[in-house]
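Contents: one structure, followed by commentary.
Bear in mind the structure is a predicted one, so any value in this text is a computation, not a measurement.
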Amino acid sequence: MPEISRRVFGGLVGGGAVSAVAGTSATASAAPAERPFRSRPAAGRPHRRPNILFILGDDLGWADLSSYGAPHIRTPHLDRLAAQGVRFTDAYSGSATCSPTRFSLYTGRFPGRTKGGLSEPLGHRSQGLDPSHPTLASLLKKAGYATALIGKWHCGWLPDFSPTKSGWDEFFGNFGGALEYFSKLGQLGDYDLYEGDATYQDLRYYTTVLTERAVEYVGRDHDRPWLLNLNFTTPHWPWLTEDDAETGARIAAEIRSGSVLGALRHDDGGSVEKYRQMVEDLDASVGRVLAALRRSGQEENTLVVFASDNGGERFSYQWPLSGGKSELLEGGIRVPTILRWPAGVDARQVSHVPVYSPDWTATLLELGGARPHPAYPLDGHSLAGYLLRGEKVPERDLFWRVRGNRALRRGDWKYYRDADGRDHLYDLGTDVREQADRAAERPALLAELRSAWEKVDGTLLPYPAA
């Protein structure tokens with residue numbers, strides 16, 4: 001086992017997570033061990049702005065990859081991606097559900113700074129990301145990047161909201177939060193596969209369709225650096241693989257009959273085995289996109305980030321975390337996150353620095369030579385100095401807010417308020433499962449973190465009345 005701190009080992013001990021920390025998953029046990037992250041010397045730093053490929057899985061749990069400890073799921077392509085770069089153990093999503101996290105990634109700000117970000121998640125056409133708000137794409141586009149989004153948008157529907165209204169040159173994908181993988185019927189009950197602002201007819205399995213589009217995009221002869229947000233819906237419900245067209249047809253019929261969300265949620269289907277197949281198909285799809293990137297000759301100077309939009313759901317493997325999607329316990333917001341950039345970052349490294357979605361926005365803007373809009377200050381902190389110059393990530397609080405939950409992480413300490421209004425205090429360094437409540441033992445610290453949370457909350461938009 002490589003040298004790791006007692007804090008990290010104690011926090012993650014148990015089951016496959018020990019293997020994940022040690023870099024010794026079942027699929028990579030013979031590979032050289034990971035080492036703690038360290039930036040390259042100045043002589044090895046890149047001299048050109050990178051292409052950016054940001055890949056999101058949907059509702060993928062923290063330990064759903066074999067490189068993160070899953071004992072029954074095999075993800076060789078994502079494991080290889082991790083081995084070629086940096087695997088983050090303490091990476092978080094910007095929120096606990098789909099659309100708020102996407103708001104935080106696209107804007108670099110807390111979801112509660114925008115009206116659309118207050119929906120958890122978005123559910124009707126009147127809500128969305130204001131096209132006048134600067135985004136990762138619009139700012140990089142202004143700096144000379146080509147921009148594209150392939151896959152799930154979930155930041156608003158036509159006619160008022162669209163990726164092409166918010167800085168992406170190209171869009172191919174779905175507007176809503178979920179869809180039946182074959183018919184493409186989505187959460188509003190209508191057909192939801194678009195190219196730009198026009199519907200695009202393709203009734204094949206959705207993950208396959210998105211993968212083909214991404215392969216085509218990265219394989220182009222680009223004349224300038226590019227940003228591609230590749231947002232899979234896999235492994236989000238309904239629980240369907242490419243072999244499940246018949247089940248998909250039944251779900252589509254239920255949607256047409258008016259039971260839209262009930263059909264899509266697929267409460268009467270799915271299994272651990274079906275979920276395994278979906279995650280492994282996601283892995284294979286990412287592998288095909290990365291192979292196309294390699295064939296294009298652009299791999300060396302393309303920064304690839306893979307993450308999930310929030311924690312896992314019914315069939316996810318989350319050990320040793322508690323909670324899941326929609327909650328601010330660790331299982332709802334801690335997500336697998338991998339970065340690879342051969343031109344800028346060495347391979348086989350692991351980072352235990354806490355980071356979250358808004359940090360990636362700030363990081364990618366800096367690396368792409370783009371400046372945030374002064375009227376819309378970022379809440380994330382750029383990791384460029386950490387990744388390239390050996391700088392420490394400054395001590396700061398990580399903040400989350402959802403209806404019924406609140407959370408703030410400072411160092412190893414986490415303040416959490418549950419749905420019953422009870423405040424808790426956890427030491428994630430020794431209790432990542434959040435079972436030993438230290439609130440009574442450390443009342444002053446609890447009060448300090450609660451006050452810090454409330455100070456940030458006071459700067460955000462209030463939730464509308466339920």
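- Here Asp283 does not pair with Arg74 in a salt bridge; the nearest charged N to carboxylate O distance is not below 4.0 Å.
- A donor-acceptor contact under 3.5 angstrom links the side chains of Arg288 and Ser285, judged on distance only.
- A donor-acceptor contact shorter than 3.5 Å links the side chain of Ser39 to the backbone of Gly390.
- Using cut-offs of 30° and 60° on the angle between ring planes, the pair Tyr106 and Trp153 is parallel.
- Within 6.0 Å of the CD atom in Glu246, the count of heavy atoms belonging to other residues, nucleotides or ligands does not exceed 12.
- Using bins of under 30°, 30° to 60° and over 60° for the plane-to-plane angle, the ring pair Tyr275/Phe315 lands in the tilted bin.
- Cation-pi check for Arg409 over Tyr356 is not met; the charged atom does not lie both under 6.0 angstrom from the ring centroid and within 45 degrees of its normal.
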message = Test ring-ring contact (aromatic ring centres under 6.0 Å, His included) on Phe175 and Tyr194; report intermediate values, then the result.
response = CA-CA 8 Å; Phe175 283 99; Tyr194 285 76; 4.8 Å; yes
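- Between the side chain of Tyr415 and the backbone N or O of Arg410 there is no donor-acceptor pair closer than 3.5 Å.
- Of the charged side-chain nitrogens involved, at least one lies within less than 4.0 Å of a carboxylate oxygen, so that Glu366 and Arg389 count as a salt-bridged pair.
- Not a single donor-acceptor pair under 3.5 Å links the side chain of Glu180 to the backbone N or O of Leu185.
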ring-ring contact (aromatic ring centres under 6.0 Å, His included) between Phe88 and Phe37, intermediate numbers included = CA-CA 10 Å; Phe88 290 80; Phe37 177 78; 7.5 Å; no
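- A salt bridge does not link Arg403 to Glu120: none of the charged side-chain nitrogens sits closer than 4.0 Å to a carboxylate oxygen.
- The backbone N or O of Glu299 lies less than 3.5 Å from no partner atom in the side chain of Arg294, so there is not a single donor-acceptor pair.
- For Arg220 and Glu216, the salt-bridge test passes: some basic side-chain N is under 4.0 Å from an acidic carboxylate O.
- A donor-acceptor pair is defined here as one N or O able to donate and one able to accept, closer than 3.5 Å; such a pair exists between the side chain of Asp64 and the backbone of Tyr317.
- The existence of a salt bridge linking Asp359 and Arg396 is confirmed by a sub-4.0 Å separation between a basic side-chain nitrogen and an acidic carboxylate oxygen.
- Ring pair Tyr205/Phe182 is tilted by interplanar angle, where 30° to 60° counts as tilted.
- Between the side chain of Ser316 and the main chain of Gln318, no donor-acceptor pair closer than 3.5 Å is present.
- Sparse packing is recorded around CG of Asp221, with 12 or fewer heavy atoms of other residues, nucleotides or ligands lying under 6.0 Å away.
- Between Tyr426 and Tyr416, the angle of the ring planes lies from 30° to 60°, which puts this pair in the tilted group.
- Note on ring orientation: taking the six-membered ring where Trp is involved, the planes of Phe110 and Phe399 are tilted (angle from 30° to 60°).
- Paired with Leu53 under the rule side-chain contact (heavy atoms from CB on, under 4.5 Å), one option of Val305, Asn229, Leu227, Leu230 passes, and it is Leu230.
- Judged by distance alone, the side chain of Arg224 and the main-chain N or O of Tyr145 form a donor-acceptor pair under 3.5 Å.
- Around the CD atom of Glu395, the shell of radius 6.0 Å holds no more than 12 heavy atoms that belong to other residues, nucleotides or ligands.
- Trp400 places a side-chain N or O within donor-acceptor distance of the main-chain N or O of Ser93, the cut-off being under 3.5 Å.
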